Enquirer: 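Okay, here's the structure, questions in a sec.
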Amino acid sequence: MFYNHSMSSPAHSSEESDILQPLTPSQREAVKHIEGSLLILAGPGSGKTRVITHRIAYMLNQGVSAHHILALTFTNKAADEMKLRLERLAPRQSVWVGTFHRFCAKLLRQHADLVGLQENYTIYDSQDSRRALKQSLDDANIDFTHTSIDSIASAISWAKNELMTPDEYRPRPGSVMGGIVDRVYPEYQRHLQRSNAVDFDDLLLYVAVMLKENDELRRILDERYQYVMVDEYQDTNAAQYTIARVLSHDNPNLAVAGDPDQSIYGWRGANLNNILDFEHDFPKVQVVRLEQNYRSTPNILRVADHLIAYNVKRKEKSLFTDRPEGEPVKLVAYPTSKDEADGIVAYIAEQVESGRRNLRDFAIFYRINALSRAVEAALRVFNIPYQIVKGLEFYQRKEIKDILAYLHLVNNPACDVALRRIINTPPRKIGKKTIERLNDHALRYGLTLLDAAREVDLIEAMSKPAKSALKKFVEIYDELRESAIAPLADVMRDVLDKTGYHNWLMYSDAPEDQDRLANIEELLTGAEEFDEQYNGDGGLEEFLEQTSLVSDTDDWEADTDRVTLMTLHAAKGLEFPVVFIMAVEQGLLPHERSSEDAEQEEEERRLLFVGITRAEEELQLSYSRYRTFRGRRRDAIPSPFLMELPREQMHIVECERSFEDNAWDDDWSDEPDVKFSSDEQIEQVELTTVPFDDWEVDQPFQQRFPAHVFRCGVSVEHPVYGGGSIIELRGSARNRSVVVRFFNDGIERTFRLSHAPLIPIASAE
DNA sequence: ATTCGCAAAGTTTTT
DNA sequence: CTTTGCGAAT
């Protein structure tokens, strides 16, 4: 045995046979390779996550201490999945599994002083950092009329991902953007330091720099994390690469898993070369290829394979499967984008109504979020429940950000972005001019805005009413701060109460403010759950860190019976029996902004590849001839990628328009024919909507009730199903939906509040 | 100081 | 089309 058992493991993991038995030979090879570098090239659906979790279990079984294992992922979703599976294989083992960002955040808390921060630092989300950046530009009097905050922000982000600190940054000579970044980057970084704050990129950058410059710390952590594993290695950027690398120097047991063909985050600094060059970068690399696919039919795999073969930058890989042939992949041309949405939804409705499939079997993917609208509308017409995976829905809402800003400020008094956000929310007669004067003072004496407010009497330019308003604010703040160690939910209630925020919304006559209250209620519920989890033991900092690092892809519930809508990016790592990929059109996929260079085009191709390989049994790609986008109708051109598919093996469908309701004023007889080749068999199909008797509901009334009346226990009336009672609330704002159990049949049904014909009857209270 | 309204802009993907 | 931001009026 290679391992000493000085750290005996407290819990029992599975027997070795349980761990290895369910694996194929190549999977087993990967699992059993523990010492030294390991590269797992894992094709889609090849059981990568299974290999990683079984490998951890195997290590534990062999006597490696859980304490010495570190598993890094990119998304919370992936981390959660891994934890879940590991818990099953090796219960109650404290292996550290989590995202790079979370890992770095933790590390940075412990060693904040090494990079000039305090341990209670705040993590700015992209909106916060955008504000900080704008402030920096203003403070430094930098003119940026010829470019946008966005592009400056991404230039800085790029520099950080390349591990360039402000003094290492060298602009390209003659570049306007370079010049601006050169000036504002140091200012922005000073701003963050002053605020005791970091942005997302800093989490990685600081840790990478810290480990590079402090060899003692590096050695300690290298020793601590002897077995580092990185999932989705093809998506690592320079900072992540460095972190993984320096932690595997003295204990060179780095194991990475990934698939170059699924690298889709190049725009975020991911460097495909990290995985392509892994064998050269690390000593004695064992390479294991997982090429057998357990997910998709041969028909689907062939399409994927054909497409990805057009990429140059890759490692050849042959995918195979022993699954049955299955249905041919469909490629459908629709007349308009509305027909496309209707056609997809009608098919789903028919399949579900005939009992062949459940709603949860279906997923619809698109390149950009904006494309979801058309499908959503169609789904609503059919009254089909769906869930849409959209980044940051909940935590982006104004009221949520406001409350969190108060908490951030309580946790970190230096957090200027938070202060600016809430100093006059609710209104306290502290206007632009006042804040400007405050800022001037703060800049002059190097103070935080809060400290500047504390000495407001010293600011001569400040008017008397402004002074007293500021003093009042500081008073409120100090009060909040006193109770900061209470359970989180109490702190939050304190904020709502003492700042007047709750009453402000409560007595507001704007109707949407009632919805806001409901959202805040939901946040409070979250806080209570958090308290339960941590036994009410403080943890404000922990809570804030968690909320800063979520990206609501995690919100996606696999177990509810609904159609799933998401972007192709969000789809990575998931699988569905039936997949639709819509709007496979020139300009959208590949996206027009990726058309500049070949590398970007390859990434777009990989994106489609990822989408295709999510499908288990059925796959449909589609495009339409006219697409209504940005408010008007435009011609659409099929994506060139469609020419790269094995069309002779596919089912090509040409849909004729069959809706006569909306105006069709264009004369499109002279439109160019977009057929691909003459020898193709093109099936002409009539597009029909399937009447959905049971579900389709007349909505003669559009009576809207304020969202907050729909609460658990409230009785409601539905025109078709009759009376029922609300047993669960889900989602927020537009996605707010209720689960109703009906009295007649006892069946639970889910409705979106925004369009469901539900009438509240009486409260059970 | 606040609020309202209009104009403009800008629309990729996300930790 | 939607959202954001800015400038004017109250």
Side-chain angles (χ1 to χ4, degrees), chain A residues 72-79 98-105 123-127 129-131 134 148-151 153-154 157 160-161 198-205 232 235-237 239-240 263-270 365-374 377 389-393 395-396 398 423-436 463 465-466 469 508-510 545-554 566-572 583 587-595 600 603-604 606-608 610-611 627-634 734:
Chain A
L72 295 170
T73 65
F74 280 80
T75 62
N76 297 309
K77 194 173 63 183
T99 64
F100 264 104
H101 285 85
R102 244 179 236 286
F103 175 69
C104 291
I123 302 169
Y124 281 176
D125 67 20
S126 19
Q127 199 188 341
S129 16
R130 201 93 50 81
R131 286 180 187 209
K134 176 130 198 295
S148 67
I149 298 275
D150 258 7
S151 30
S154 67
S157 173
K160 287 185 173 181
N161 286 330
V198 302
D199 62 23
F200 285 140
D201 303 315
D202 283 339
L203 289 171
L204 304 175
L205 174 72
E232 306 284 12
D235 288 329
T236 45
N237 61 30
Q240 289 157 330
S263 162
I264 54 176
Y265 287 107
W267 50 273
R268 207 168 88 185
F365 302 153
Y366 33 79
R367 181 56 176 63
I368 59 174
N369 273 314
L371 289 172
S372 71
R373 288 178 182 286
V389 178
K390 214 185 241 163
L392 299 168
E393 272 269 286
Y395 290 101
Q396 288 294 40
K398 178 188 180 328
I423 192 167
N424 200 33
T425 314
R428 301 189 177 91
K429 306 215 177 296
I430 300 172
K432 218 166 67 185
K433 206 88 207 158
T434 306
I435 297 174
E436 206 177 291
S463 75
S508 146
D509 31 8
E545 182 177 308
Q546 280 188 25
T547 52
S548 300
L549 294 176
V550 293
S551 85
D552 293 27
T553 315
D554 337 327
M566 62 172 94
T567 64
L568 286 163
H569 281 89
K572 188 157 78 163
L588 283 168
L589 185 63
H591 193 272
E592 55 191 346
R593 280 170 64 165
S594 320
S595 56
Q600 286 183 36
E603 179 151 319
E604 296 285 305
R606 290 194 290 267
L607 200 46
L608 182 54
V610 166
R627 179 160 302 279
T628 310
F629 193 57
R630 280 162 84 173
R632 64 206 167 111
R633 185 154 65 201
R634 323 191 66 165
R734 234 172 292 112

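Since the model is a prediction, treat every value here as computed from it, not as a measurement. Hydrogens, waters and symmetry mates are skipped; everything else that's a heavy atom, side chains included, is used. Quick note on labels: first sequence line is chain A, next is B, and so on, each numbered from 1.
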Enquirer: Can you tell me which nucleotide in dT2(B), dT14(B), dT13(B) comes closest to the side chain of Arg268(A)?
Expert: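 Of the options given, the side chain of Arg268(A) lies nearest dT14(B).
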Enquirer: Between dT12(B) and dG5(C), how far apart are the C1' atoms? Round to whole Å, please.
Expert: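 Roughly 22 Å separates the two C1' atoms.
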Enquirer: Under 30°, 30 to 60°, or over 60°: which ring-plane class applies to His101(A) and Phe200(A), parallel, tilted or perpendicular?
Expert: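 Perpendicular.
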Enquirer: Check the distance between dC1(C)'s C1' and Arg373(A)'s CZ and give it to me in whole angstrom.
Expert: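 Distance check: Arg373(A) CZ to dC1(C) C1' gives 8 Å.
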Enquirer: Whole-Å distance between dT2(C) C1' and Ile368(A) CD1?
Expert: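 Nearest whole value for this atom pair: 13 Å.
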Enquirer: Would you call Tyr265(A) stacked on dT14(B), i.e. ring centres under 5.5 Å apart with the planes less than 30° off parallel?
Expert: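 Whether judged by distance or by angle, Tyr265(A) falls short somewhere, so it does not stack on the base of dT14(B).
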Enquirer: How many whole angstroms separate atom CG of Asn76(A) from atom C1' of dT14(B)?
Expert: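 In whole Å, dT14(B) C1' lies 11 Å from Asn76(A) CG.
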Enquirer: Rounded to the nearest Å, what distance is computed from the CG atom of residue Asp150(A) to the C1' atom of nucleotide dA8(B)?
Expert: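 It works out to 16 Å between those atoms.
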Enquirer: Which part of the nucleic acid, if any, lies within contact of Ser148(A), taking any heavy atom under 4.0 Å across all strands shown: a base, the sugar-phosphate backbone alone, or nothing?
Expert: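 Here Ser148(A) touches no strand at all.
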Enquirer: Is there aromatic stacking of His569(A) against dT13(B), centre distance under 5.5 Å, plane angle under 30°?
Expert: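 Per 5.5 Å and 30° rule: no stacking.
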Enquirer: Under 3.5 Å, is there any donor-acceptor pair linking the side chain of Trp267(A) to the base of dT12(B)?
Expert: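 Donor-acceptor pair under 3.5 Å: no.
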Enquirer: So what does Arg428(A) hit on the nucleic acid, given a heavy-atom distance under 4.0 Å: a base, only sugar-phosphate, or nothing?
Expert: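 It contacts sugar-phosphate atoms only.
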Enquirer: When you measure from the side chain of Arg428(A) to the backbone N and O of Ile423(A), does any donor-acceptor pair fall under 3.5 Å?
Expert: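 Yes, Arg428(A) side chain to Ile423(A) backbone: donor-acceptor pair under 3.5 Å.
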Enquirer: Using OP1 and OP2 only, check whether a side-chain N or O of Asn369(A) sits under 4.0 Å from dT13(B).
Expert: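 It does, given that an N or O in the side chain of Asn369(A) lies less than 4.0 Å from OP1 or OP2 of dT13(B).
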Enquirer: Figure out the NZ/C1' separation between Lys134(A) and dT4(C), and round it to whole Å.
Expert: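 Rounding to the nearest Å, NZ of Lys134(A) and C1' of dT4(C) are 12 Å apart.
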Enquirer: For the backbone of Phe100(A) and the side chain of Gln240(A), can you confirm whether one donor and one acceptor N or O come within less than 3.5 Å of each other?
Expert: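 Absent.
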Enquirer: The side chain of Thr567(A) is closest to which nucleotide in this list: dC6(C), dA1(B), dT14(B)?
Expert: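 That would be dT14(B).
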Enquirer: Does a side-chain N or O of Thr434(A) approach OP1 or OP2 of dA1(B) to a distance below 4.0 Å, or not?
Expert: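 Checking dA1(B) against Thr434(A), a side-chain N or O does come within under 4.0 Å of OP1 or OP2.
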Enquirer: Between Asn76(A) and Leu549(A) (side chain of the first, backbone of the second, donor and acceptor by atom type, cut-off under 3.5 Å), is there such a pair?
Expert: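 Side chain of Asn76(A) to backbone of Leu549(A): a pair is present.
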Enquirer: Does Arg268(A) qualify as a cation-pi partner of Tyr265(A), given the criterion of NZ or CZ under 6.0 Å from the six-membered ring centre and within 45 degrees of its axis?
Expert: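 Yes, Arg268(A) and Tyr265(A) form such a contact.
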Enquirer: Over how many whole Å does the gap from Leu588(A) atom CG to dT11(B) atom P extend?
Expert: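 One finds 15 Å between P of dT11(B) and CG of Leu588(A), rounded.
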Enquirer: Which is true for Phe74(A) with a 4.0 Å heavy-atom rule: it touches a base, it touches only sugar-phosphate, or it touches nothing?
Expert: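 Sugar-phosphate only.
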Enquirer: Take the protein atom CZ of Arg634(A) and the nucleotide atom C1' of dC1(C), then report the distance between them rounded to whole Å.
Expert: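 Spelled out: CZ on Arg634(A) to C1' on dC1(C) is 13 Å.
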Enquirer: Between Phe629(A) and Ala466(A), just flag the one whose closest nucleotide in DNA chain B comes earlier from the 5' side.
Expert: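 Final value for this comparison: Ala466(A).
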Enquirer: If you find the nucleotide of DNA chain B closest to His591(A) and the one closest to Phe200(A), which residue's nucleotide is nearer the 5' end?
Expert: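 In this pair, the answer is His591(A).
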Enquirer: So what does Asn424(A) hit on the nucleic acid, given a heavy-atom distance under 4.0 Å: a base, only sugar-phosphate, or nothing?
Expert: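 Sugar-phosphate contact only - Asn424(A) comes under 4.0 Å of backbone atoms but never of a base.
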Enquirer: Does any N or O in the side chain of Asn424(A) come within less than 3.5 Å of the main-chain N or O of Lys429(A), such that one atom is a donor and the other an acceptor?
Expert: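 Here the side-chain-to-backbone pair exists.
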Enquirer: Tell me the interatomic distance from Ile149(A), atom CD1, to dC6(C), atom P, rounded to whole angstroms.
Expert: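 Ile149(A) atom CD1 is separated from dC6(C) atom P by 10 Å.
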